[in-house]
Amino acid sequence: FQLYPLIELAKQQVKETVMNALGRLVAEGKIEAVPLPAFNVERPADVSHGDFSCNAAMASAKALRNNPRAIGQMIADAAVLDGTVFEKIEVAGPGFLNFFISPLWFNETVGEVISSGSDYGKTELGKGKRVLVEFVSANPTGPMHIGNARGGALGDSLSSVLQFAGYEVEREFYVNDAGNQIEKFGKSLNLRFMQICNGKGQAVIEKCSGNIQDICETIYNDTENFPMPEDVYLGMDIIEHAYNYFKENGSSLSNESEDIRKKTLTAFALPKNIAGLERDLAKYRITYDNWFKESTLHNDGSVNEIIQKLKASGYTYEQDGALWFKSSQLGDEKDRVLIRANGVVTYFVPDIAYHYNKLAVRGFDRAIDI
């Protein structure tokens with residue numbers, strides 16, 4: 001469904017009116033029959049200058065070898081406004097042609113708005129084109145912050161505008177459930193869980209009568225009895241996750257290896273964080289078509305596949321035991337490491353794989369990141 005843009009219709013009528021007037025002037029022998037340059041039709045910043053302004057007279061002055069103001073007056077006198085949305089033309093300044101819309105146009109516009117309802121203004125500009133808008137994509141290891149909320153408003157609004165313009169739009173949240181931040185998340189959960197399981201943690205639980213808020217605040221504030229290194233997440237949400245696992249499952253996990261504890265606690269807490277992100281976004285009416293997990297790219301071989309594609313492209317090289325991407329040849333300020341000397345891929349690789357998935361695998365015509 002597409003409404004013919006009424007403003008574009010008015011602009012087109014300005015052009016046609018001017019061209020027809022010039023044709024009459026040539027037929028009457030008042031101006032020469034010479035090729036004339038293109039001219040512009042714009043909306044004036046000052047409404048006293050009319051609803052539309054045209055520079056045809058000034059653009060034609062050199063070709064017609066005449067004063068632009070005089071040319072403008074001739075065009076205005078020869079113009080026929082019957083059948084258009086305009087009621088008058090005025091010549092202003094050095095030769096601007098200012099067109100004034102008649103009340104009939106406003107009446108018709110209001111009628112169009114009423115009859116079209118919520119579809120007023122829709123176009124088919126993007127018909128047949130698929131756009132993926134990825135926005136917010138907050139770190140799932142903790143709650144959202146106000147910057148994420150801002151990104152949500154921007155991304156959702158842009159998606160709605162694109163849909164109104166006829167594009168097939170999908171909203172996507174990229175869940176960073178792999179990489180260093182998840183390792184850090186698991187380490188943080190493990191440390192807090194082990195603190196809760198020890199004697200000091202048990203004493204806090206007993207003293208606070210199992211009240212989760214009091215338990216979290218006590219452990220969080222008592223850095224002497226519950227110390228944490230700097231390279232972990234220190235928020236109370238980590239303590240809350242660790243205590244909830246303890247409350248539901250007891251302390252038996254403390255007897256397992258550290259690696260098993262980290263994986264188990266991450267698997268327990270991460271889905272709850274993601275559900276929290278989804279819940280918070282829904283509070284201001286933001287819902288997603290897709291929640292795309294980074295881990296998917298690692299598990300299905302996409303990360304390794306993109307490394308091989310980059311190698312085959314000739315845009316990689318090895319240096320100091322690491323694999324580098326020649327991104328400086330493509331406009332970047334420097335080259336980027338793809339695989340560190342220890343064999344671990346950088347965050348850059350799954351990012352590339354993710355965008356390859358958007359455009360090449362899923363076939364979106366455009367991918368927009370906010």
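We count residues from 1, following the sequence as given. Basis for what follows: all heavy atoms, side chains included, without hydrogens, waters or symmetry-related copies. Values in this document were obtained by computation on a predicted structure and should not be read as measured data.
- Applying the ring-ring contact (aromatic ring centres under 6.0 Å, His included) rule to Y243 yields no partners; only residues at least two apart in sequence or on another chain are considered.
- Apart from Y317 itself, the hydrophobic cluster it occupies contains W324, V337, where clustering links Ile, Leu, Val, Met, Phe, Trp and Tyr at side-chain heavy-atom distances under 4.5 Å.
- Two residues are said to be in side-chain contact when any heavy atoms from C-beta on lie closer than 4.5 Å; V204 and F226 meet this criterion.
- Using a distance-only test at 3.5 Å, with no hydrogens or angles considered, a donor-acceptor pair links the side chain of D365 to the main chain of R130.
- Under a hydrophobic clustering in which Ile, Leu, Val, Met, Phe, Trp and Tyr are joined whenever their side-chain heavy atoms come within less than 4.5 Å, directly or via other members, L132 and V136 fall into different clusters.
- Ring planes of F173 and W291: parallel class, angle under 30° (limits at 30 and 60°).
- In this structure the side chain of L277 never reaches within 4.5 angstrom of the side chain of V175, judged on heavy atoms.
- Using a 4.5 Å cut-off on side-chain heavy atoms (C-beta onward), P227 and Q195 make contact.
- I368 is not listed as a side-chain neighbour of F135, based on a closest heavy-atom distance of 4.5 Å or more.
- The closest donor-acceptor contact from the side chain of K326 to the backbone of G314 lies under 3.5 Å.
- No continuous path of ILVMFWY side-chain contacts below 4.5 Å connects I114 to L104, so the two sit in separate hydrophobic clusters.
- Considering every non-hydrogen atom in both P229 and L234, the closest pair reads O-CD2, 3.9 Å.
- A salt bridge does not link E240 to K272: none of the charged side-chain nitrogens sits closer than 4.0 Å to a carboxylate oxygen.
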**Stepwise side chain to side chain contact (heavy atoms under 4.5 Å, CB included) test for L323 and K311** = CA-CA 9 Å; L323 183 68; K311 285 182 176 179; 3.6 Å; yes

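- The pair K187-D231 meets the salt-bridge criterion, with a side-chain N (NZ, NE, NH1 or NH2) lying under 4.0 Å from an Asp/Glu carboxylate O.
- Here the side chains of I307 and L338 are not in contact, with every heavy-atom distance at 4.5 Å or above.
- Ring-plane geometry between Y174 and Y354 is classed as parallel, the angle between the planes falling under 30 degrees on a 0 to 90 degree scale with a further cut at 60.
- The closest donor-acceptor contact from the side chain of N290 to the backbone of F292 lies at 3.5 Å or more, if one exists at all.
- N299 places none of its side-chain heavy atoms less than 4.5 Å from the side chain of K293.
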**Request:** Using the side chain to side chain contact (heavy atoms under 4.5 Å, CB included) rule, take R192 and M228 through it: C-alpha gap first, then chi angles, then the decisive distance, then the call.
**Result:** CA-CA 8 Å; R192 286 305 195 190; M228 293 286 277; 3.5 Å; yes

For residues 72-83, dump all side-chain donor-acceptor pairs below 3.5 Å to protein atoms at least two apart in sequence or in another chain.
unit_1 : atom_1 : unit_2 : atom_2 : d
Q73    : NE2    : D77    : OD1    : 3.1

**Message:** I'd like to know whether L281 forms a side chain to side chain contact (heavy atoms under 4.5 Å, CB included) with M144, so could you lay out the CA-CA distance, the side-chain angles of the two residues, the decisive distance to 0.1 Å, and finally the verdict.
**Reply:** CA-CA 9 Å; L281 288 158; M144 290 204 309; 4.0 Å; yes

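- Counting non-hydrogen atoms of other residues, nucleotides and ligands closer than 6.0 Å to CZ of R65 gives a total of 12 or fewer.
- A donor-acceptor pair under 3.5 Å links the side-chain atoms of S257 to the main chain of I260, judged by distance alone.
- When atom types are taken as modelled, the side chain of N273 and the backbone of P140 share a donor-acceptor pair closer than 3.5 angstrom.
- For N190 (side chain) and R261 (main-chain N/O), no donor-acceptor pair under 3.5 Å exists by modelled atom type.
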**Request:** Verify side chain to side chain contact (heavy atoms under 4.5 Å, CB included) between T346 and R340, making sure each step is shown before the conclusion.
**Result:** CA-CA 7 Å; T346 64; R340 301 182 182 93; 4.0 Å; yes

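- Under a 3.5 Å cut-off, the side chain of D222 and the backbone N or O of T218 do not form any donor-acceptor pair.
- By the ring-ring contact (aromatic ring centres under 6.0 Å, His included) test, F193 pairs with Y245, sequence neighbours left out.
- Atom CZ of R366 has 12 or fewer heavy atoms from other residues, nucleotides or ligands within 6.0 Å.
- Judged purely by distance below 3.5 Å, without hydrogens or angles, the side chains of D300 and S302 pair a donor atom with an acceptor atom.
- Distance alone, capped at 3.5 Å, is enough to place a donor-acceptor pair between the S327 side chain and the K334 backbone.
- Using a 4.0 Å cut-off between charged nitrogen and carboxylate oxygen, K262 and D259 do not count as a salt-bridge pair.
- Linking Ile, Leu, Val, Met, Phe, Trp and Tyr whenever their side-chain heavy atoms come within less than 4.5 Å leaves L97 and F100 in two separate clusters.
- Judged by distance alone, the side chain of N176 and the main-chain N or O of N139 form no donor-acceptor pair under 3.5 Å.
- Residue pairs satisfying the salt bridge (Lys or Arg N to Asp or Glu O under 4.0 Å) criterion with at least one member in residues 140-153, sequence neighbours excluded, are absent.
- With sequence neighbours excluded, the residues forming a side chain to side chain donor-acceptor pair (under 3.5 Å) with D46 are S48, listed by chain and number.
- Linking Ile, Leu, Val, Met, Phe, Trp and Tyr residues whenever their side-chain heavy atoms come within less than 4.5 Å places I274 and Y233 in a single cluster.
- By the 4.5 Å heavy-atom criterion applied to side chains, Y120 and T109 are counted as neighbours.
- Taking hydrophobic clusters as Ile, Leu, Val, Met, Phe, Trp and Tyr residues chained together by side-chain heavy-atom distances below 4.5 Å, I7 shares a cluster with V85.
- Using a 4.0 Å cut-off between charged side-chain N and carboxylate O, K358 and D369 make a salt bridge.
- The side-chain heavy atoms of F268 and E248, taken from C-beta on, include a pair separated by under 4.5 Å.
- In this structure, Q202 contributes its side chain and I196 its backbone to a donor-acceptor pair below 3.5 Å.
- For the pair I306 and V349, the tightest heavy-atom approach, listed with the atom from each and the gap, is CG2-CG1, 3.7 Å.
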